[in-house]
Every structure is written in C-alpha cells, then in structure tokens.
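Read through the structure below, which is laid out as structure tokens, and then see the notes.
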Amino acid sequence: MQQVGSANLYRTEIEIKNASFPINFKLVDVNYTPGSNFGYLNPTDRVITMGRVVKATPDAVKENFEFMPPAPGIYQIFLDLDGKTPMVFISKAI
C-alpha cells in the first residue's frame, strides 16, 4: 500500500481479470504485525460494494472482506486511518 493524500490514507491497486466470483481479502503489512492486520469490524461490514465505506479492525484473524467486482478492470482499495475507527472502501481506477 502506498500513502496518498492525507498522512493517514493508503491505497493499493489490484487488477481483476475475471469478475465472475467474489474476491476475499484483508489488508496487512508484510510481516503481519499485530495491529496491522485489517479486516471487517462487524459482520455487516464484511461485503464491500462500490461506493460503500465499511469499518475495519486492525486485529483481524479470519475477518476477510468480500468484494464482488462488477466487471473486469483495475480497482483501488483504500484504507483510511484518519478517524477513531479504520475505514475501507474501493473505487475503480481511472
């Protein structure tokens, strides 16, 4: 992930070639450092759709996010650490 904009906003890009199945993921650092393993906070935040911002926990174990891409393409996944609760959202790359 790379830092963008504010000091607490991070982004990574993924290319999805086959949009016929959901993508399961967490956002982690290379060493899986405790407190840097981001997954969904509440079960209602598990599924991310375009335009939806969801709450994350930095101590995820099995709390993978799920994203069903609407079409093949390049997507940006954002981790916003500005507030008290980490937030995650996805947008299509331009």
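Between the side chain of Asp80 and the backbone N or O of Asp82, at least one donor-acceptor pair lies under 3.5 Å. Formation of a donor-acceptor pair under 3.5 Å by the Asp29 side chain with backbone atoms of Tyr32 is found in this model.
Taken together through direct or relayed side-chain contacts under 4.5 Å among Ile, Leu, Val, Met, Phe, Trp and Tyr, Leu9 and Val53 form part of one hydrophobic cluster. If you chain together hydrophobic residues whose side chains sit under 4.5 Å apart, Met1 and Val28 never meet in one group. Note on Val47 and Phe38: separate hydrophobic clusters, where clusters join Ile, Leu, Val, Met, Phe, Trp and Tyr whose side-chain heavy atoms are under 4.5 Å apart, directly or indirectly. Neither Leu41 nor Phe89 shares a network with the other; the hydrophobic side chains, linked directly or stepwise wherever heavy atoms of I, L, V, M, F, W or Y lie under 4.5 Å apart, form separate groups for each. Side-chain heavy atoms closer than 4.5 Å link hydrophobic residues (I, L, V, M, F, W, Y) into clusters, and following such links, possibly through other members, connects Val4 to Met87.
Nearest heavy atom pair, residue Asp59 against residue Pro34, reads OD1-C, 4.4 Å. Nearest heavy atoms, Leu79 versus Pro86: CD1-CB, 4.3 Å.
Residues passing the side chain to side chain contact (heavy atoms under 4.5 Å, CB included) test with Pro22, sequence neighbours excluded: Glu66, Met68. Residues forming a ring pair (Phe, Tyr, Trp, His ring centres under 6.0 Å) with Phe65 (at least two apart in sequence, or on another chain): Phe25.
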For a side chain to side chain contact (heavy atoms under 4.5 Å, CB included) check, start with the C-alpha distance between Ser91 and Phe78, then their side-chain angles and the critical distance, and finish with the verdict.
CA-CA 8 Å; Ser91 68; Phe78 291 87; 3.4 Å; yes
Yes or no on side chain to side chain contact (heavy atoms under 4.5 Å, CB included) for Gln76 and Thr12, after CA distance, side-chain angles and deciding distance?
CA-CA 6 Å; Gln76 298 175 325; Thr12 191; over 6 Å; no
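Side chain to side chain, Asn18 and Ser20 meet the donor-acceptor criterion of an N or O pair below 3.5 Å.
Put simply, the residue from Thr57, Val88, Asn37, Val61 that forms a side chain to side chain contact (heavy atoms under 4.5 Å, CB included) with Lys26 is Asn37.
For Lys92, the NZ atom is densely surrounded, since the number of other residues' heavy atoms within 6.0 Å is greater than 12.
Between Ile77 and Leu27, the closest side-chain pair of non-hydrogen atoms falls below 4.5 Å.
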